[in-house]
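Below is one structure, written out as structure tokens, with a few remarks after it.
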There are 2 protein chains.
Amino acid sequence: MKTPKISEAVVRRLPVYLRFLNELKANEVLTVSSQDLGQKLDLNPAQIRKDLAHFGEFGRKGIGYDVSYLIEKIRAILKLDRVMNVALVGAGNLGRALSNYNAYLKDNMKIVAIFDNVPSKVGETVNNLQVQPMSELASTVKNREIRIGIITVPAAEAQNVADSFAAAGIEAILNFAPVILKVPSHIRIHHADFTTDLLSLAYYIEEEEEHE
Amino acid sequence: MKTPKISEAVVRRLPVYLRFLNELKANEVLTVSSQDLGQKLDLNPAQIRKDLAHFGEFGRKGIGYDVSYLIEKIRAILKLDRVMNVALVGAGNLGRALSNYNAYLKDNMKIVAIFDNVPSKVGETVNNLQVQPMSELASTVKNREIRIGIITVPAAEAQNVADSFAAAGIEAILNFAPVILKVPSHIRIHHADFTTDLLSLAYYIEEEEEHE
DNA sequence: TAGATTGTTAATCGATTAACAATC
DNA sequence: TAGATTGTTAATCGATTAACAATC
């Protein structure tokens with residue numbers, strides 16, 4: 001309906017705005033300008049105004065943005081104003097780290113099931129959830145109305161998990177395994193690949209002898 | 001010397017190429033075309049050729065790229081052909097997950113020290129390393145010639161850690177805490193913020209009633 | 001009113017893609 | 001030679017930034 005065609009870059013900045021706005025609210029700041037936001041987030045103020053203007057007129061000329069109001073708006077845009085159940089596959093270190101991250105809770109993203117196909121891990125308790133075998137994935141996804149899946153298994157198994165998610169009717173996937181996964185085009189997939197971030201970091205380190 | 005000015009987007013794709021090339025090599029594939037690469041990695045072949053051409057002529061017309069040769073070249077570009085010591089601060093779940101990730105080892109990125117300022121964690125062993133108190137950061141960074149720092153502490157403490165890294169002479173930082181950190185301009189910082197990825201995911205999920 | 005700041009249009013900048021001569 | 005594929009130039013596309021009228 002009101003989806004003109006928003007670029008991915010814009011959508012990815014919204015959570016960043018949201019996070020900082022929440023911080024402002026916690027500090028009882030009532031109003032914020034694109035200037036302020038830009039300074040704190042290292043972004044151009046015009047860009048911030050433009051990003052927000054894609055979705056409506058949220059600010060007031062001469063004044064700025066009402067913090068609480070803007071939070072509400074961004075949450076609605078990102079569909080964080082409703083509960084969104086999440087399944088996680090891979091109860092290793094990273095999986096545990098994520099499930100303990102209760103930060104999502106206040107944004108209504110909730111990990112409600114954890115799966116692993118390593119027998120020794122099945123039945124273990126992670127963050128109050130019993131690790132389930134992969135054989136229960138499809139039924140659990142359906143019963144618990146899970147719409148988002150997180151993959152934290154080793155690279156070699158990631159495609160299989162993605163396939164299982166797809167078969168179970170998952171609508172969006174966040175993949176932490178260092179592989180590019182193929183999924184049906186109706187499924188949204190984001191690659192959260194920090195090995196890429198880390199490996200690209202060294203490029204920017206100065207040589208001993210050289211100056212750039 | 002041979003630094004014309006490469007865009008960040010290009011540098012971030014290099015580790016992706018590298019990873020897949022390593023996979024090809026493991027499967028004893030000798031040669032690969034930009035066509036093949038593009039298909040596997042969901043990228044435009046012209047883009048891949050252009051990315052690589054920034055750094056030299058690595059391919060052969062009519063044939064493609066020699067897998068082993070290209071691996072060597074990319075590793076050299078990313079400075080992964082030498083050992084790069086890494087310090088990690090924050091021995092929580094995520095910190096542990098990262099230090100167990102031995103994937104870096106073959107790329108010569110090595111976590112050689114782990115720090116935390118929570119007393120109960122100091123002295124614990126994580127992946128064969130004893131967790132050290134923050135008070136030892138500066139001296140350890142110097143003695144062990146650590147050049148890269150990873151931050152896996154809660155958001156509220158991340159800026160402090162970044163400041164300590166800066167004071168200790170760290171040259172690049174990978175930050176997992178969900179905050180934008182301010183560091184001196186000579187320090188390279190990457191934000192590996194998966195909460196952003198996760199929160200932006202819901203945006204793309206279809207409404208029940210709507211079609212896009 | 002004077003100062004501040006939005007929403008938006010226009011200008012700029014940069015990145016991606018297409019196309020093709022060169023050549024293996 | 002014919003087919004394949006690079007390296008690179010030119011064309012396109014899209015995103016960022018500047019500028020400013022509108023207005024609180």
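Letters go in sequence order (proteins before strands), and every chain restarts at 1.
Residues B/V86 and B/K110 have side chains not in contact (no heavy-atom distance under 4.5 Å, counting atoms from C-beta outward). Two residues are said to be in side-chain contact when any heavy atoms from C-beta on lie closer than 4.5 Å; B/E171 and B/I187 fail this criterion. Here the side chains of A/S99 and A/I114 are in contact, with some heavy-atom distance below 4.5 Å.
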Atom pairs, protein N/O to nucleotides 12-15 of chain D N/O, distance under 3.5 Å:
none

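Judged as a salt bridge (charged side-chain N to carboxylate O under 4.0 Å, His left out), and not counting sequence neighbours, A/D36 has no contacts. Every residue was checked against the salt bridge (charged side-chain N to carboxylate O under 4.0 Å, His left out) condition with A/R49, not counting sequence neighbours, and none meets it. A search for salt bridge (charged side-chain N to carboxylate O under 4.0 Å, His left out) contacts involving B/D51 returns B/R13, not counting sequence neighbours. Remark: A/E23 pairs with A/F20, B/V179 by the side chain to side chain contact (heavy atoms under 4.5 Å, CB included) rule, at least two apart or across chains. Residues passing the salt bridge (charged side-chain N to carboxylate O under 4.0 Å, His left out) test with A/R12 are A/E8, B/D197, sequence neighbours excluded. Contacts of A/H190 classified as ring-ring contact (aromatic ring centres under 6.0 Å, His included), with partners at least two apart in sequence or in another chain: B/Y204.
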Would you tabulate the side-chain donor-acceptor contacts of residues 62-73 of chain B under 3.5 Å, counting partners in other chains and residues two or more places apart, or write 'none'?
{"from": "B/D66", "atom 1": "OD1", "to": "B/S68", "atom 2": "N", "distance (Å)": "3.2"}
{"from": "B/D66", "atom 1": "OD1", "to": "B/Y69", "atom 2": "N", "distance (Å)": "2.9"}

Cut-off 3.5 Å, no hydrogens considered: what does the side-chain donor-acceptor table look like for residues 155-168 of chain B, sequence neighbours left out?
{"from": "B/Q159", "atom 1": "OE1", "to": "B/K182", "atom 2": "N", "distance (Å)": "3.0"}
{"from": "B/Q159", "atom 1": "NE2", "to": "B/D163", "atom 2": "OD1", "distance (Å)": "2.9"}
{"from": "B/Q159", "atom 1": "NE2", "to": "B/K182", "atom 2": "O", "distance (Å)": "2.9"}
{"from": "B/S164", "atom 1": "OG", "to": "B/N160", "atom 2": "O", "distance (Å)": "3.1"}

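One atom, CD of A/E57, and another, C1' of C/dT5, lie 13 Å apart when rounded to the nearest Å. In this structure, B/I48 places its CD1 atom 15 Å from C1' of C/dA18, rounding to the nearest Å. What separates NE2 of B/H54 from C1' of D/dG7 is a distance of 12 Å, to the nearest Å. Look at CG on B/D36: it is 8 Å from P on D/dT6, rounded to the nearest Å. When rounded to the nearest whole Å, the span between CD of A/Q39 and P of D/dT17 equals 15 Å.
Listed by residue number, A/G59, A/R60, A/K61, A/G62, A/I63, A/G64, A/Y65 are the residues of residues 59-77 of chain A with a heavy-atom contact under 4.0 Å to DNA chain C. Residues from residues 16-33 of chain B lying near DNA chain D, meaning a heavy-atom separation below 4.0 Å, are B/S33 in numerical order.
Neither OP1 nor OP2 of D/dG7 sits under 4.0 Å from any side-chain N or O of B/R49. Checking the phosphate oxygens (OP1, OP2) of D/dT5, no side-chain nitrogen or oxygen of B/S34 falls inside 4.0 Å.
DNA chain D is contacted by both B/Q35 and B/K50; B/Q35 maps to the nucleotide lying nearer its 5′ end (nearest heavy atom per residue). Comparing A/F58 and B/N44 by the nucleotide of DNA chain C that holds the closest heavy atom to each, the one mapping nearer the 5' end is A/F58.
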Secondary-structure string, 5' to 3', Watson-Crick or G-U under 3.5 Å, | for another-strand partners, for DNA chain C:
..||||||||||||||||||||||
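Each of B/I170, B/I151, B/I180, B/I173 was checked for a side chain to side chain contact (heavy atoms under 4.5 Å, CB included) with B/I189, and the lone residue meeting it is B/I173.
Side-chain contact annotation: A/D193 with A/T196, donor-acceptor N/O pair under 3.5 Å present.
Relative ring orientation between B/F194 and B/F176 is described as tilted, the plane-to-plane angle lying within the 30° to 60° band.
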